[in-house]
Protein chains: 2
Amino acid sequence: MEERRYRTVQNFLKLRIQQGYYEVGSYLPSENGLCSSFSITRTTARKALAELTREGFIERKHGKGSIVLERRKTLGLLNVKGFSEAVGKDVSTVFLQNPVPGNWDPKINFTISDAELKKSCVHFSRLRFVGSEPVMTEYNWMAGEYLKGFCDLDFIEGSFFKTLSRHYHIEITGSDHELRAENADENKAILLDIPIGSPILHISVKFLTNINNFNIYSELYCNTKYYPIGNSYHI
Amino acid sequence: MEERRYRTVQNFLKLRIQQGYYEVGSYLPSENGLCSSFSITRTTARKALAELTREGFIERKHGKGSIVLERRKTLGLLNVKGFSEAVGKDVSTVFLQNPVPGNWDPKINFTISDAELKKSCVHFSRLRFVGSEPVMTEYNWMAGEYLKGFCDLDFIEGSFFKTLSRHYHIEITGSDHELRAENADENKAILLDIPIGSPILHISVKFLTNINNFNIYSELYCNTKYYPIGNSYHI
DNA sequence: TAGTGGTCTAGACCACGCC
DNA sequence: GCGTGGTCTAGACCACTAG
């Protein structure tokens, strides 16, 4: 079975967005434009654009066009309230451990597939601040197979997800979370600058991607006293 | 502007689902059936069914039909892992406070609109168990205006959301969450049968509905030691 | 007024599930 | 084989946005 025509158009546009050819805030070609370029009818063009909408890449505006979105905002992920999405906020990140080849860690709270375990693992960890206050430590693991050169790469605008999208065309397609309230151990207490035993929010995340058997495993530890974790979901 | 034809069909089917006329697990009329019944073309019938799919009421199965879903599973809400969705699990709920007229509580972590504040408030609270272990206390507030007779009602299968849907055709259309790790105060410690000061997960929720200015505000306190909170999101 | 997306019709052919 | 949903064409009219 050959590829659906709407998928051809959808993937063509998606690639151009990932490459930055269509920048965030700019408009895609109109439906009629796509009809001409690809020799398709509006139904098919609209289906392609509907799929990109569903995936969170664009928003359709009646009378104007299809505008390219900052995708992270549409993904329904848990976020430190007023953290990365806040404009003008004094947020920053430091690496505790730059990306390096490493081992799958038993700290990971999800089941790692055999296919992943057989591959080598890449690890990095970060400490994230609002102003001068540390609010979250973050530990990440993933199979290195698809990330040639990743350890020598700078993150695009400090964003791991943007880097995956731009350089590797890897997109997040879903995530599973587990949430726990815990007491901070000595290590976390020092990093987050709180007393040992303070309550912290432990979030285990498994990010699924468009690549089979390539998932990203993250363990997050948050001081929610002043910056709670937020999440929004709308039909 | 008159109502779109696909919306007519969509709302017709939605009402029948809410009323239980089409039960969970059963099939809606086929596309061609809807075309005949409503004198529309397949494009329009498919649009109606696509909307119901997006809203989480049905799932479309190639070669079979449109099957009615248990909607809560598709809503992307935070759940106690292995709690309400687990089959055969020994889960139960007791009311700490049956639904009663009450006052808007300052404990609510979200901003309540003036329109809501002007209305009377209905409150209830529950304690939820897995086996004999209490894992979550739950406090709920909402404007009573649309809930005539609610305080005298039994919940359908113990579910607040099912009751809202069946009796009042009120559906959840979204939710905002705020998550905090806290220490249990004496009251929560007793209810959850844990030492005072134990870390607990405090979840503040604002549920949005299909009715303007009718939101449900919930404050949840969870012992996540053995039953973490889970959440799944997939494109 | 021109261009955009939103709705809708009336067909056609294909792929999947089931008897 | 037959009914189901999935894809696609070729048109039409309408509603929104902007110059």
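Not measured: the values here are computed from a predicted model.
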OP1 or OP2 of D/dC8 sitting under 4.0 Å from any side-chain N/O of A/Y6? no
Return the 5'-most residue of the pair A/T43, B/G63 with respect to DNA chain C, ranking by each residue's nearest nucleotide. A/T43
Quick check on C/dG6: is either OP1 or OP2 less than 4.0 Å from any side-chain nitrogen or oxygen of A/R60? yes
Taking the six-membered ring for Trp, are the ring centroids of A/F124 and A/F155 within less than 6.0 Å of each other? yes
d(CD, A/E59; P, C/dG6) in whole Å: 11 Å
Is there a stack between B/H62 and C/dG17, judged by ring centres under 5.5 Å and planes under 30°? no
Would you mind reading off the distance between A/K47 atom NZ and C/dT7 atom C1', rounded to a whole angstrom? 17 Å
Below 3.5 Å, can you tabulate the donor-acceptor pairs from side chains in residues 105-113 of chain B to any protein atom, sequence neighbours excluded?
{"residue": "B/D105", "atom": "OD1", "partner": "B/K107", "partner atom": "N", "Å": "2.7"}
{"residue": "B/N109", "atom": "ND2", "partner": "B/S204", "partner atom": "OG", "Å": "2.9"}
{"residue": "B/S113", "atom": "OG", "partner": "B/E116", "partner atom": "N", "Å": "3.3"}
{"residue": "B/S113", "atom": "OG", "partner": "B/E116", "partner atom": "OE1", "Å": "3.1"}
{"residue": "B/S113", "atom": "OG", "partner": "B/N213", "partner atom": "OD1", "Å": "3.0"}

Pairing check on D/dG19: which nucleotide meets the Watson-Crick or G-U wobble criteria with it, both distances under 3.5 Å? none
Could you check how far CG of A/L34 sits from C1' of D/dC8, rounded to whole Å? 16 Å
Please check if the distance between the ring centroids of B/F161 and B/F207 is under 6.0 Å. yes
Is there a side-chain polar atom (N or O) of B/K64 under 4.0 Å from OP1 or OP2 of C/dC18? yes
Nearest-Å distance, CZ (B/R42) to P (C/dT9)? 13 Å
So, is B/T41 near the phosphate of C/dG11, with a side-chain N or O under 4.0 Å from OP1 or OP2? no
Whole angstrom is fine here: how far is it from CG in A/L28 over to P in C/dT4? 13 Å
Whole-Å gap separating P (D/dT9) and CZ (A/R4): 12 Å
Respond yes when some side-chain nitrogen or oxygen of A/S30 is under 4.0 Å from OP1 or OP2 of C/dG3, and no when none is. no
So which one's nearest nucleotide on DNA chain C is more toward 5', B/S39 or A/G65? A/G65
Nucleotide nearest B/N32 (side chain, heavy atoms from C-beta), chosen from D/dT4, D/dT9, D/dG6: D/dT4
Go through the steps for A/Y217 and A/Y139 under the test ring pair (Phe, Tyr, Trp, His ring centres under 6.0 Å), then give the verdict. CA-CA 8 Å; A/Y217 299 90; A/Y139 304 84; over 10 Å; no
So, A/N210 and A/T173: side-chain donor and acceptor under 3.5 Å apart, yes or no? no
Using whole Å, report how far CD1 of A/I67 lies from P of C/dG5. 12 Å
Please report the distance, rounded to the nearest Å, between CZ in B/F38 and P in C/dC8. 13 Å
Is B/R5 touching bases, backbone alone, or none of the nucleic acid, heavy atoms closer than 4.0 Å? sugar-phosphate
Within less than 4.0 Å of OP1 or OP2 of C/dG6, is there a side-chain N or O belonging to A/R46? yes
